[in-house]
Amino acid sequence: MTEQSFFPQGTLVGVLTTQPLGRPLDYKAPEGGCHEGAFVEVPLGPRKVLGVVWGPGQGDFDAARVRPVSRVLDARPMRAEMRRFLTRAADYTLTPLPAMLRLATRSPGLGDPPSMRKIYRMGQGMPDRMTPARERVLAVLEEFGGLSFTLKELAEMAGTGTSVVKGLVAQGVVAEQDTPRDQPYPALDPALPGKPLTDDQARAASAIAEGMGARAYGTTLLKGVTGSGKTEVYLEAVAACLRAGRQALVLLPEIALTAEFLTRVEARFGARPAEWHSGVTMTERRRCWRMVGEGGAQLVVGARSALFLPYADLGLIVVDEEHDTSYKQEDGVLYNARDMAVLRASLNAAQVVLASATPSLESWANAEAGKYRKVELAARYGTAELPEMRAIDMRAEALPANRWISGGLQAEVAKRLEAGEQSLLFINRRGYAPITLCRACGQQVGCDHCDARMVEHRFQKRLVCHQCGESKPLPEACPSCQVEGRMAAVGPGVERLAEEAAALFPDARVAALSSDMFGSARALKAQIEAIATGQADIVIGTQLVAKGHNFPLLTLVGVIDADLGLQGSDLRAAERSFQLVRQVAGRAGRAARRGVAYLQSYQPEHPVIRAILGGDEEAFWRAEAEERRRAGVPPYGRMAGIVISSPDAQQAFDLGGRLARMDAPLRRIGAQVFGPAPAPIARIRGRHRVRLLVKADKGAALQAALLEWTAQFRLPAQLRLSIDIDPQSFY
Ligand code: ADP
Ligand code: ZN
């Protein structure tokens, strides 16, 4: 553990608060002093705010006016390693440090004294008078002497009221004791045997374990098709980490995947790990945050924000499905959890495992360049084959209007129904139809607040904006020409596809799987489990199904529109299509049966579709890498997006224009500015958005130049400017 300085009472300390201020502020250490890293409450104007003792004070305030720290919170001080991580992450993402600190202080009740609860154990002596109820209480304590009970639990087990227990406490026969509410998590046992690994898997596991043993930083790209045993392999890395007495973190891209994973952890290590994501109760979050800091949690399974927990000694971070777009936080602090995992590990002599069937081009390139170790699992465990893949040329299909399932695909689904197997029809569009238009005037229904089109959700009987979340009832009359009864849904969404499948196969059980059709993570999980156990014949799904669920009865995947994503201004469009289609195809035939995947496409000769069909991944990545290198875009160049937003479009454009003209700080590092242009989504929640894109060479000091460039302007109050380093989505 790193030594942290101690500041005696009255010494000047610099406290970084979670308030938007430029730098740590000076305070006097309180009575009893405080440690570097201590969580404190300090006065700021009339308020008291949360902060962390960041280091010695600067001493540049009027000494007489420096106020003392109000109180030191009862939490373990933030480690030096964590403060370094936050600082580096803030510098990289150009996020103000206080906003970064907020990510690291997201524990409910951080300032509360550790909460206690009363537990009951066997005390001394015998009661003055024995009754049957008293006897039962003592019998329970005798029988389960090793356990501790709350008052309610003990009374319940003894089949009596709580007053009986209290009577015994008064006489000292039962002992009442205060214990902390936040208990350590049950110990995981890395010595329990894992599954016997195949040669391939064992080689991969020992390559990673080697890095673990050295107590050094290293990143491994673990690549293997779905079902090849990546999870088995990284669980071995977790075992090696636990044996070394260090903590491990496994990041999953989707809460719906946690349940299955927790079960696997329990089977492997004999107990459940700590969980950290938005579906976890406040009490558990608080317990997790505390126990991670005190070493009472060996393994955390969580969402990207679990990177900001106060680990005592983090030795391993696994990023499962590392290519998944949900690792990029798109709101508030703009960071990519995959990159931050690598940063955090490098500051802490820890190992990173990036697991994927279809790695991001960034990770692929880092492995090519020798920065990451690359470990490949060639064969799928058990069955050695990928699903067969075929294209259906939609130009030859002549489907009637408002039909999306081709004759060929329909025949294949019918065969699976006959055989009692499952089919999956995949469409990456939520809702019923992407466009609602008026057949009288041709007007499309758009969002009142954004530039996005409204998407019909028949399930909810509403039109929804997927950009800002605004919704309104389905209109009877056209909002534009007022003609009634002519509104029409155009194009397919997952709900509409489900309707078509139900009509084509009236006897089949059709289940749709789309994140917004379920009120809660639990309902969604139940649906996934029902599908896995065979309670559906045809599954209709969005990208949610591409995320590693195991459906053993599934032998057919039909990709309804494989061309979605091939066009467009997103530099990652080709990569996304490739990953998505490969992954969905990987859903078919995970168990013993061989799967087949059909891709419906209007351009089956497109290089991306051909690479997917040919199964030649390396060819795809090499071609895509070459394209990006030629264009000088990530990962072979650097990019940043600047979005200026304002209620007044002209004002946003004016500032954008001035930024573009005053680009000397960027020119000095050889960077180019594009724009201003309306952002691809030009209006969100009533604010007009203007975007500039900055492109620079790989080695350029981009962050410093961006800061100098944007600092030339004072922003009027209603204007907002946000910088997105390595933008992932291009709106
Ligand atoms: P991936 O993470 O690559 O999708 P998994 O680790 O989930 O693959 O493995 C797929 C299935 O095969 C799982 O049910 C897993 O338990 C099983 N499996 C993988 N490797 C082995 C092994 N060596 N012995 C027994 N079962 C295995
Ligand atoms: Zn909207």
Side-chain angles (χ1 to χ4, degrees), residues 74-76 107-109 112-193 242 247 258-277 279-301 312 520-522 525-526 529:
D74 195 345
R76 208 200 163 290
S107 167
D112 302 347
S115 93
M116 305 294 278
R117 63 174 174 178
K118 295 199 182 323
I119 57 157
Y120 297 80
R121 296 174 176 283
M122 190 65 96
Q124 302 282 321
M126 290 299 282
D128 52 358
R129 184 173 51 85
M130 196 55 113
T131 65
R134 287 182 164 183
E135 217 160 316
R136 286 200 302 276
V137 171
L138 296 179
V140 168
L141 289 176
E142 205 131 275
E143 187 175 352
F144 304 99
L147 302 179
S148 53
F149 304 94
T150 62
L151 183 60
K152 209 167 139 244
E153 285 163 351
L154 180 55
E156 246 161 43
M157 285 182 77
T160 168
T162 52
S163 58
V164 176
V165 178
K166 283 193 179 142
L168 289 170
V169 169
Q171 297 183 31
V173 182
V174 170
E176 187 182 69
Q177 209 178 316
D178 283 321
T179 63
R181 187 176 292 277
D182 299 325
Q183 295 292 322
Y185 290 84
L188 306 186
D189 184 359
L192 289 174
L242 299 186
Q247 291 167 303
T258 7
E260 190 187 335
F261 183 71
L262 293 179
T263 313
R264 283 180 79 165
V265 169
E266 193 169 8
R268 176 66 181 81
F269 299 118
R272 291 189 154 235
E275 270 181 84
W276 179 271
H277 52 73
V280 168
T281 62
M282 285 303 188
T283 316
E284 273 304 303
R285 280 169 84 86
R286 178 198 147 100
R287 176 188 182 201
C288 182
W289 200 90
R290 291 225 164 221
M291 285 305 128
V292 162
E294 290 166 20
Q298 294 161 281
L299 169 63
V300 178
V301 176
S520 68
R522 192 175 313 127
K525 203 182 91 193
E529 273 163 17

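Please read these numbers as outputs of a predicted model, since none were measured by experiment. Reckoned from all heavy atoms, side chains included, excluding hydrogens, waters and symmetry mates.
- Expressed to the nearest 0.5 Å, how far CG of Leu168 lies from OH of Tyr120 amounts to 11.5 Å.
- Partners of Glu275 under the side chain to side chain donor-acceptor pair (under 3.5 Å) rule, at least two apart in sequence or in another chain, are His277.
- The side-chain heavy atoms of Cys288 and Val280, taken from C-beta on, include no pair separated by under 4.5 Å.
- For the pair Glu176/Ile119, no side-chain contact is recorded, criterion being any heavy-atom separation below 4.5 Å from C-beta on.
- In this view, Ala271 and Pro186, Leu188 satisfy the side chain to side chain contact (heavy atoms under 4.5 Å, CB included) rule, not counting sequence neighbours.
- Residues meeting the salt bridge (charged side-chain N to carboxylate O under 4.0 Å, His left out) test with Glu284, sequence neighbours left out: Arg287.
- Between Gln298 and Tyr185 there is no side-chain heavy-atom pair separated by less than 4.5 Å.
- Among residues two or more places apart in sequence or in another chain, the side chain to side chain donor-acceptor pair (under 3.5 Å) test is passed with Arg268 by Glu236.
- Evaluation of the side chain to side chain donor-acceptor pair (under 3.5 Å) rule for Trp289 yields no partner, not counting sequence neighbours.
- Thr263 is linked by a side chain to side chain contact (heavy atoms under 4.5 Å, CB included) to Arg272, counting only residues two or more places apart in sequence or in another chain.
- Rounding to the nearest 0.5 Å gives a distance of 13.5 Å between CE of Met157 and NZ of Lys152.
- Here the CD-CZ distance, from Gln177 to Arg121, works out to 5.0 Å after rounding to the nearest 0.5 Å.
- Scanning all heavy atoms of the two residues, the minimum distance from Gly125 to Val173 falls at O-CG1, 3.6 Å.
- Annotation: side chain to side chain donor-acceptor pair (under 3.5 Å) contacts of Glu529 (sequence neighbours excluded): none.
- Residue Leu242 holds its CG atom at 5.5 Å from CZ of Phe269, rounded to the nearest 0.5 Å.
- Note that OG of Ser107 and CZ of Arg290 are 6.5 Å apart. Values are rounded to the nearest 0.5 Å.
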Under the side chain to side chain contact (heavy atoms under 4.5 Å, CB included) rule, what do Trp276 and Arg285 come out as? Steps first, then yes or no, please. CA-CA 6 Å; Trp276 179 271; Arg285 280 169 84 86; 3.8 Å; yes
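- Residue pairs meeting the salt bridge (charged side-chain N to carboxylate O under 4.0 Å, His left out) criterion with at least one partner in residues 129-141, sequence neighbours excluded, are Asp128-Arg134.
- Remark: Ala312 engages Arg79, Gln247 in a side chain to side chain contact (heavy atoms under 4.5 Å, CB included) (not counting sequence neighbours).
- Side chains of Pro132 and Thr160 form no contact here, defined as non-hydrogen atoms less than 4.5 Å apart.
- Partner of Leu154 under the side-chain contact (heavy atoms from CB on, under 4.5 Å) criterion, out of Leu141, Thr162, Val164: Leu141 alone.
- Lys166 pairs by the salt bridge (charged side-chain N to carboxylate O under 4.0 Å, His left out) definition with nothing, not counting sequence neighbours.
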